[in-house]
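In what follows, a structure is listed as structure tokens, so that the remarks can point back to it.
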Amino acid sequence: MPPRSTSSETPVDHLTPDEARIEHERLGAEIREHDRRYYEEDAPSVSDAEYDALRKRYEALEDQFPELKTPESLTQKVGSKVSEKFGKIRHRVPMLSLANGFADEEVEEFVERIRRFLQWKADAPLAFTAEPKIDGLSLSLRYEGGRLVSAATRGDGAVGEDVTNNARTVGDIPHRLKGSSVPETLEVRGEVYLSHEDFAAINARQEAAGKALFANPRNAAAGSLRQLDSSITASRPLRFFAYAWGDVSEMPADTQHGMMECFRSFGLKVNPLTRRCTSVAEMLEHYHAIETDRANLGYDIDGVVYKVDDLNLQQRLGFVSRSPRWALAHKFPAQKAVTVLEGIEINVGRTGSLNPIARLKPVTVGGVVVSNATLHNEDYIKGIGGNGEKIRNGVDIRIGDTVIINRAGDVIPKVLDVVLEKRPADAKPYEFPTTCPACGSHAVREVNPRTGKEDAVRRCTGGLICPAQARERLKHFVSRNAFDIEGMGEQRIDEFYEEGLVQRPQDIFTLQARNARSLKRLENREGWGETSARNLFAAIEARRSIALNRLIFALGIPHVGETSARLLARHFGTFEHLRETAKAAADPASEAHAELTAIGGIGPVVAEAIVEFFKEQHNEEMLDALLAEVTVEAMEAPAAANSPVAGKTVVFTGSLEQMTREEAKAMAERLGAKVAGSVSKKTDIVVAGPGAGSKLAKAAELGLQVMDEDGWFALVGRK
DNA sequence: AACCCTCGAGGTCA
DNA sequence: CTCGAGGGTT
């Protein structure tokens, strides 16, 4: 639960200085917590009026007792946490990412997939748009009545940062759209970028001012848009191309290229290399033309985007997981570089995994200096792929080798290949350690009992006696989506662990009490002061109450990430219920075990991991100690999705005439329904087309709701 | 077999 | 923030 408003009615001038100090401190902590909820979780727990009241009283206290106006006060901090961050904006329509492809064949497959999905005849016309994929950062502009009212970055796709003031300084972004056909509300999406010329000029200025240079135009554009002082943004000549839209009150066109034309007529910039293509050959031709001309464009692009032109078809095609089925980003090959592998280091992960990392002679790839790269796992180094086949023709990777690296997706450095001719004569095959480099325990590759295959990762068997694992688990425990304890970063965990101050999760919550009795107090250490210690303790106190799903996630049970943690929290409701069931489930024949695996999304492997976790004596002790320190919040009821079929299980049977089966399924799922393949007593709705047989009969037998396609559309609307 | 989730990776900027 | 391997679920 969020801290309740504690603002008392006592007039400020009736308080003793001591009372004032205590209340001032309490209010400060409360305001900080509200700020955090508002800015970081986008989940304000008080109204604006209540918040303002808190701040007013906080300030009134300081007016009456000026000694409270310390440099740490929320009113005094220059660039305090509050103003340090951008507000958040929830996108009315999520900003999704695009499916990627590299090879020409993937474009063919993409078009094929779409034809299949639509049941389109081979000769039926199907048009696409093709446009350069600008390498910048995406931005969503909201226009109401033709006026720019807000601008948000992509963020995680659902919630972005409010950069309205900065967007207003971008020359290509009109404050007001022109023309009479501008929809009442229109969210324009596009890319903010910097031209090569402007990028060079900015870096020249940075250099003259003795400031750090930007690595590439994209980073410079991102840095410029995220300036808190919009006058700095204004001094950077950012540009903008529109290519998509979000929330729109009435669509001004029914094709993708029609929309682009509208954008242009509204006064927005649209990339001039956008073409309408009617065949794969034409799409590829345009791709290669753009690739050839890439260096002369004057701005960075990283590929070509194809989109189905007809918006009705886009609608029918819908989405696969997080990207539209109707679009493909055809990326240019990633830039490669050659360098020397100077060493291989092994990191031990939270789950005990031994992760090999390549230490490279620093080299520039695609504008950034790369000195590390992932080597994935033991087999990858040996030249064997996940399913046993050879990769790199079976060539292994050795220390001293000259290697070819790239940045996968232009981001993650990866060792692609070895230049065998340059292999030093004395280079020996790399021997992957069979003991943990952190604790010396055996490190083994477990055999999956069902497939009989060896796990790709080698794991330390040391469990909690392994300091590396213990530290990584602590880091996971305090991380953003778990307990989210501000001020407990990697460095501090390492430091605290080393000194024995915090070695188990529960130690975090007893730290303050132990510190008070300690001879070597935190606040007296080098690099520490009263403030840093106080802030840390305040951050810990703020987490004595925790949401159930966060707690489950924080435990770091293998295979249980955020999603599974939420599933478990929702199913069990309380931690005790989960714990009891998991313990009872140690018997595979038990009802508890059946309950666990019956949860959708929890299969045998995950269930086993959960059972194992709760079986461990030291975990038992940890949980008892932890639960004595923290309060677990009851699970909130899941927000009811506003769709008539949300949460229902639907079965489609017979032949569907107005949509393909896949389409029907995608549609039902989009509306929050589950789609099953067969009728059972768990089924809620059966949609039967002509020719339906046994499933329809069974549905009648069970007395389920049965409807035809028209009935389905009547129920959910035609979307 | 398709899709989804977990986990751990690197680099940049504020 | 983003990627990708591997493995789990359905």
Side-chain angles (χ1 to χ4, degrees), chain A residues 79 84-86 97 99-100 113 137-138 153-157 160-161 211-216 218-229 232 319-323 331 334 345 347-360 362 364-377 379-380 385-387 391 405-415 446 448 450-451 453-457 459 472 475-476 479-481 553 556-567 597 599-609 662 665-666 669 674-678:
Chain A
E84 246 172 39
K85 298 214 163 142
F86 293 102
S97 48
N100 286 328
R113 220 170 23 244
L137 63 154
S138 38
T153 60
R154 197 179 99 84
D156 64 2
E161 284 182 317
K211 294 196 185 143
L213 299 186
F214 291 104
N216 53 51
R218 180 182 36 188
N219 287 339
S224 302
L225 195 67
R226 297 190 74 257
Q227 290 292 330
L228 292 158
D229 178 352
I232 300 180
F319 300 86
V320 201
S321 73
R322 294 189 53 223
S323 39
K331 297 280 199 79
E345 207 165 282
N347 275 357
V348 183
R350 148 171 83 82
T351 56
S353 56
L354 267 47
N355 310 308
I357 301 161
R359 298 291 173 212
L360 305 164
T364 305
V365 198
V368 306
V369 177
V370 167
S371 46
N372 305 307
T374 174
L375 288 169
H376 300 303
N377 54 52
D379 284 348
Y380 189 84
N387 26 22
I391 53 174
I405 62 170
N406 78 349
R407 297 208 302 145
D410 277 328
V411 179
I412 308 289
K414 169 175 176 167
V415 174
E446 277 175 24
N448 186 318
R450 285 175 312 140
T451 60
K453 275 204 260 179
E454 250 187 355
D455 202 343
V457 294
R459 291 198 145 88
E472 292 306 311
K475 287 173 193 170
H476 174 75
S479 68
R480 230 168 72 88
N481 296 319
F553 174 66
I557 302 167
H559 303 124
V560 178
E562 273 191 275
T563 308
S564 316
R566 210 169 298 127
L567 288 175
T597 48
I599 303 171
I602 308 291
V605 176
V606 178
E608 180 62 16
E662 206 176 339
K665 188 174 175 216
E669 281 169 355
K674 258 193 290 193
V675 178
S678 59

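Values reported hereafter were calculated over all heavy atoms of this structure, with side chains retained and with hydrogens, waters and symmetry mates removed. Below, chain A is the first sequence line, B the second, and so on; all start at residue 1.
- Atoms CD and CZ, from A/Glu446 and A/Arg459 in turn, are 7.5 Å apart once rounded to the nearest 0.5 Å.
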Exercise. Could you check A/Ile412 against A/Arg407 for side chain to side chain contact (heavy atoms under 4.5 Å, CB included), going step by step and ending with a plain yes or no?
Key: CA-CA 5 Å; A/Ile412 308 289; A/Arg407 297 208 302 145; over 6 Å; no
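- When each of A/Phe553 and A/Ser371 is assigned the nucleotide of DNA chain B bearing its nearest heavy atom, the one mapping closer to the 5' terminus is A/Phe553.
- Here the side chain of A/His559 is nearest to one of B/dG10, B/dC13, C/dG8, namely C/dG8.
- Atom P of nucleotide C/dG6 and atom CG of A/Leu375 are separated by 13 Å, given to the nearest angstrom.
- Map A/Ile602 and A/His376 each onto its nearest nucleotide of DNA chain C; the residue landing nearer the 5' end is A/His376.
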Practice task
For the pair A/His476 and A/Phe553, evaluate side chain to side chain contact (heavy atoms under 4.5 Å, CB included) and give the outcome as yes or no after the intermediate values.
Solution key: CA-CA 9 Å; A/His476 174 75; A/Phe553 174 66; 3.3 Å; yes
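- One can place CD1 of A/Ile599 at 12 Å from P of C/dT9, the figure rounded to the nearest angstrom.
- An OP1 or OP2 oxygen of B/dA9 is reached within less than 4.0 angstrom by a side-chain nitrogen or oxygen of A/Asn355.
- Each of A/Asp455 and A/Gly601 was assigned the nucleotide of DNA chain C with the nearest heavy atom; the assignment lying further toward the 5' end belongs to A/Asp455.
- In the set B/dA14, C/dC3, B/dG10, the nucleotide with an atom closest to the side chain of A/Asn100 is C/dC3.
- The side chain of A/Ile412 has B/dA9 as its nearest neighbour among B/dA9, B/dG11, C/dG8.
- Applying the 4.0 Å criterion to OP1 and OP2 of B/dT6, one finds that A/Ser564 has a side-chain N or O inside that range.
- Summarising the geometry, the separation between NZ on A/Lys475 and C1' on B/dC7 is reported as 15 Å, rounded to the nearest angstrom.
- Checking the phosphate oxygens (OP1, OP2) of B/dT6, a side-chain nitrogen or oxygen of A/Thr563 falls inside 4.0 Å.
- Using a distance-only test at 3.5 Å, with no hydrogens or angles considered, no donor-acceptor pair links the side chain of A/Tyr380 to the main chain of A/Thr374.
- The interatomic distance linking A/Arg459 (CZ) with B/dT6 (P) rounds to 14 Å, in whole Å.
- A/Arg154 contributes no side-chain N or O that, together with a main-chain N or O of A/Leu137, makes up a donor-acceptor pair within less than 3.5 Å.
- Proximity of a side-chain donor or acceptor of A/Thr597 to a complementary backbone N or O of A/Pro604 within less than 3.5 Å is not detected.
- Put simply, A/Asn377 has a side-chain N or O that comes within less than 4.0 Å of OP1 or OP2 on C/dG6.
- Taking side-chain N and O atoms only, A/Arg350 has a distance below 4.0 Å to OP1 or OP2 of B/dC7.
- Distance A/Glu562 CD to B/dC7 C1': 12 Å, rounded to the nearest Å.
- If you measure from atom CD of A/Glu608 to atom C1' of C/dG7, you get 16 Å, rounded to the nearest angstrom.
- Rounded to a whole Å, the CD1 atom of A/Ile557 is 16 Å from the C1' atom of C/dG8.
- The CD-P distance, from A/Glu472 to B/dT6, rounds to 18 Å in whole Å.
- In terms of phosphate contacts, A/Lys414 brings a side-chain nitrogen or oxygen within less than 4.0 Å of OP1 or OP2 of C/dA5.
- As judged by a 4.0 angstrom heavy-atom cut-off over every strand, A/Ile405 is placed among residues making no nucleic acid contact.
- Within the 4.0 angstrom heavy-atom criterion, no nucleotide atom of any strand lies near A/Tyr380.
- Remark: A/Ser353 is in phosphate contact with B/dG8, judged by side-chain N or O atoms under 4.0 Å from OP1 or OP2.
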